[in-house]
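A short write-up of the structure that comes next.
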Amino acid sequence: MDYNFNEIEKKWQKYWREHHTYKCEIDNNKPKFYVLDMFPYPSGAGLHVGHPLGYIASDIYARYKRLKGFNVLHPMGYDAYGLPAEQYAIQTGQHPEITTNENIARYREQLDKIGFCYDWDREVRTCDPVYYKWTQWAFLQMFKSYFNTELDKARPIDELVAHFEKYGTQGCNAHTNSSDEFTADEWNAMTQVERNDVLMNYRIAYLGNTMVNWCPKLGTVLANDEVSEGLSLRGGYPVEQKMMRQWCLRVSAYAGRLLRDLDTIEWTESIKETQRNWIGYSEGAEMTFPVADSDKSLLIFTTRADTIFGVTFMVLAPESMYVDEVVTPDQRAAVDAYLDEVKHKTERERMIEKKVSGVFTGSYAVNPVTGKNIPIYISDYVLAGYGTGAIMAVPAHDSRDYAFAKHFDLPIIPLIEGADVSEESFDAKEGIMTNSSNERLQLNGLQVKEAIAKTKQYIEEAGIGHVKVNYRLRDAIFSRQRYWGEPFPIYYDDNNQPQPLNESELPLLLPEVDKFLPTETGEPPLGRAKNWVTADGHPLELNTMPGFAGSSAYYLRYMDPHNENELVSHEANEYWRQVDLYVGGTEHATGHLIYSRFWNKFLYDYGFVCEAEPFRKLVNQGMIQGRSNFVYRIKDTNTFVSFNLKDKYDVTPIHVDVNIVDKDTLDLELFRQWRPDFKDAEFILENGKYICGWAIEKMSKSMFNVVNPDNIVKERGADTLRLYEMFLGPVEASKPWDTNGIDGVSGFLKRLWALFYKGDTLQLTDEKPSAEALKSLHKLIKKVSGDIESFSYNTSVAAFMICVNELTKMKCHSREIYEPLVVVLAPFAPHIAEELWHVLGHDTTVCDAQWPTWNEEYLKESVVNYVVSFNGKARYSIAVPADADEEEVKRLALTDAGAERWLAGKEPRKIIFVKGKLVNIVV
RNA sequence: GCCUGAAUGGUGGAAUCGGUAGACACGAGGGACUUAAAAUCCCUUGGCCAUUGCGGCCGUGUGGGUUCAAGUCCCACUUCAGGUACCA
């Protein structure tokens, strides 16, 4: 009987489905293990061979853990809201739900063929009302909360109201984006509308005026992580900065905890570092600079308080609220012209130009330490969103200030001994201070670090500022002017004040619209919905939530996916706790992986979840690149020349579909049929073949290098695909897909099969296996057990090949060897393992077997081969009985024929043993 | 610019603690079986020299260093990949 993978795989996939083999329930008698893949956005293109890489790796781990006796939660679902389905809907009028469902069906079909051990009863879809009810619910909790900076956690907003009633803002430890202060009397005198406005500055989900990334082409705002280099990540359209009133999440309040807790989780250093940079901790000081001849003052942030003596001007961000306060009438026109110019530049243009620009406000500030007057400028190199949107400029020690000072011919005062600032600024935080002393503060002679500390102390004491920690992390902008997303559970009351819906009214269903475009008046698509009002007629919010809303807590929902009363029950959460192993790409480092951590921490603050971090261990699978093939057309002809002959002609390389190329040899017939203009193609062949060139590129339709897993499964089998994807290299590494190498693993499975079947005869014996066979098997078990824990699946596959080759050579057919072999193979190649498990006479599934342990006894050698080096160089090998002691080994090593050559009569100076093994002789 | 990671045969990659570099596989070459092809099996395969022996020398991006011993550790550099950036 031949190895008929198609039949075997179909048979067992059906069996697993019918027997609910992978269904999992809470079982307090077993330790739990939660293995999660980042759920996919079901795109129209379907899966290519790169997508399942991480899924296969986690599947192996999940299966292994189950064999080790764990109760494994391994679910899958779909991140179903997203722009492509909506863009498609705009073009075709087809409802995005239809497209999405079709794509999901296709994904499911493709995933099923690979034989994953998902518990599909727990599937979630972010666009499913049963699911997004809990996304809306979480939003409501955030709306009703503020962040208490003293407790460092979220608390009900009512507590803040109680505080305001008693003390106003006095002693209020709340994270806010407002600098307003008021007394209890003032609060109590406010109207409800005024109070709502104030509270909005404290809520964790709040409506705020912020600078947003506005993408006119997509007609929506985007979060920072959805923009790269001034272009939208989806579609690559230009993005501009715009002030808009938007829903935001107060992620920045959690910056400290998000940063600190990175030390408690097992993620790669690189992704932790990316998050640290994104959060951007910086410790400095806020300082007040009075404006000359006025009662106003500027608050600035600096990390270089020590350079206070070198401040020669101040700079405000164009959007700074200080601008209007300090511009003098005679500078008004110039300032307005500049602000207008800046406003019309997109972020991208600002970045590309990098030209120094700015304008004088006409006002001067007073340096609080030197008492000198310094001019105040406006320039777009200062960002409104960071610090206070205003800076003290120290041109001698900051390259940006330096460039500005040179351009506007402002003084540059060096503050560090020996620093030459005639050509460029000296930015390093090192050296000895100079020019930095007066009757108030003496820094001369101090190291920079000492000077920073002393200045900070001084400004606190003098009451001109205070020590302050700043984070780069901004609040997440949570509104999208799109249709295909979660509606906000918010309505607007008679005073046009946003109000939360009752939890009992959730889910608020996404309404139908006639078109998926903004309304004529420029409102979001939900503005087209009929009766988009509450039961008592109040209008509902027209924005929808962004893509990351639904993906922020999905790992919690898998724990208890059908619960109608809670996001996740206490019981389920206490049992499953957190994701033990999370597998996915690095592209979510500053998006999903920050938002999820934030969302989880918020829920943690209220005890809705019991772990402070959602994902304990994170593994990032690499990208699979495509291997493109090329044909070479001789210019201005329809003749194609084979790869090794192409240098003799003037040729143009053309991408050719990799599916009509086999091992770099072009199928001429299929090529002629491929595209009409190649119908009459002529070829110049080498050795009767057309050889194509190749290159490693991104896997994409336009490069014609997309390899579809379905084809591989059909031609080689799912087990071969799984093994091959793992064999390709380390899971974390990016590597090219090259179908050419697949013969290796497909041959391995055939040889494995041939161990069991010779022709149609099952060759199984109950004989005691030889010591050799036992050694081969136990070497394998040891190797694979270690490899799985460290994700070294490629070397595991190699170990399987070695073992099967050895057993084949030994003609070993012993059941005692085969049983554990099949179990160890099961995580990697579940279908063939299941089949062979039943061939071995079991009637239960191999998934319920026990992972075997290896026995060191079997691995012992009776004779050990030592490779002995002389002075670490020349080598010879000796065979030594395993039980020989050091003296015996020495004697054998020195009397061996090999030794005589290298000793040449000399006495060895030193003989080095490592762990009882002789490794080197020094002469 | 800053941060992180990487660099090993024709190719993908092994080498877990500093101890036989190149496991395993692809590709290539040779052979067996076959009328032939496919499939399968066997041998060779880092480079150079020697090849009727044995063997020898060189070799893990570059240059130094530590060590009896370095792909692995240290210093300096080059290149590539990813992330990030007027963040004061």
Side-chain angles (χ1 to χ4, degrees), chain A residues 2 228-229 268-278 280-282 284 300-304 307 315 317 350-351 354 356 379-383 385-394 397-401 403-404 427 470-474 586-587 589-590 620 622-623 627 663-664 694 696 724 727-730 732-745 747-748 750-751 754 783 786-787 789-790 792 794-802 805 808 865-877 901 908-915 917-923:
Chain A
D2 282 343
S228 176
E229 297 184 356
T268 58
E269 214 30 62
S270 89
I271 208 147
K272 282 192 197 178
E273 202 54 35
T274 304
Q275 289 212 342
R276 285 190 193 110
N277 291 339
W278 190 259
Y281 176 90
S282 78
I300 60 97
F301 175 76
T302 181
T303 54
R304 292 295 303 272
T307 58
V315 189
R350 277 202 207 180
M351 262 187 310
K354 279 208 169 159
V356 178
S379 174
D380 65 357
Y381 84 86
V382 174
L383 304 177
Y386 183 76
T388 61
I391 62 155
M392 62 177 215
V394 186
H397 301 291
D398 182 286
S399 56
R400 295 154 301 177
D401 297 344
F404 193 84
D427 289 15
N470 243 323
Y471 294 98
R472 200 181 76 97
L473 185 70
R474 318 271 179 88
T586 50
E587 66 272 22
T590 55
N620 300 113
M623 282 242 292
R627 188 178 187 278
K663 296 198 173 105
D664 291 336
W694 58 272
I696 303 302
Y724 187 53
F727 185 63
L728 228 38
E732 299 92 334
S734 285
K735 57 232 158 203
W737 178 266
D738 181 0
T739 308
N740 292 345
I742 204 165
D743 283 347
V745 286
F748 154 71
K750 282 184 202 164
R751 286 192 292 277
K783 173 84 181 133
D787 281 351
E789 294 286 358
S790 64
S792 308
N794 53 335
T795 50
S796 288
V797 179
F800 279 116
M801 291 182 184
I802 295 169
N805 283 347
T808 306
N865 272 312
Y866 285 151
V867 175
V868 183
S869 306
F870 266 82
N871 300 332
K873 271 271 169 146
R875 298 178 183 92
Y876 66 99
S877 68
R901 272 180 74 178
R909 281 197 292 147
K910 205 166 154 192
I911 297 178
I912 295 158
F913 280 83
V914 176
K915 285 184 194 149
K917 266 186 105 165
L918 193 160
V919 293
N920 198 9
I921 297 172
V922 188
V923 186

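Just so it is clear: chains get the letters A, B, ... in the order the sequence lines come, proteins before strands, and each one is counted from 1. In what follows, every heavy atom counts, from backbone to side chain, and hydrogens, waters and symmetry copies are set aside. The structure displayed is predicted, hence computed values, not measured ones.
Among the heavy atoms of the strands lying under 4.0 Å from A:E273 are primed sugar atoms or P, OP1, OP2 only; no base atom is included. Heavy atoms of A:S792 sit nowhere under 4.0 angstrom from any nucleic acid atom.
Pair assignment for B:rG5: B:rC80, on the basis of Watson-Crick or G-U wobble contacts that are both within less than 3.5 Å.
Residue-to-nucleotide contacts include a donor-acceptor pair under 3.5 Å from the side chain of A:K783 to the base of B:rU16.
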Return the polar atom pairs (N/O with N/O) between nucleotides 17-19 of chain B and the protein under 3.5 Å, or none.
residue : atom : partner : partner atom : Å
B:rC17  : N4   : A:K915  : NZ           : 3.1
B:rG19  : N2   : A:N920  : ND2          : 3.4

What are the atom names and distances for every N/O pair under 3.5 Å that joins the protein to nucleotides 22-29 of chain B?
none

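The side-chain hydrogen bond (donor to acceptor under 3.5 Å, both in side chains) check on A:N805 picks up A:R751, with sequence neighbours excluded. Residues forming a salt bridge (Lys or Arg N to Asp or Glu O under 4.0 Å) with A:E732 (at least two apart in sequence, or on another chain): none. With sequence neighbours excluded, the residues satisfying side chain to side chain contact (heavy atoms under 4.5 Å, CB included) with A:A799 are A:L780, A:K783. Listed by chain and residue number, nothing satisfies the ring-ring contact (aromatic ring centres under 6.0 Å, His included) test with A:F913 (two or more places apart in sequence, or in another chain).
Put simply, A:Y471 has no side-chain N or O that comes within less than 4.0 Å of OP1 or OP2 on B:rC87. For A:T274, no side-chain nitrogen or oxygen approaches OP1 or OP2 of B:rC3 to under 4.0 Å.
When each of A:I271 and A:S282 is assigned the nucleotide of RNA chain B bearing its nearest heavy atom, the one mapping closer to the 5' terminus is A:I271.
Comparing the P positions of B:rA39 and B:rC48 gives an interatomic distance of 31 Å, to the nearest angstrom.
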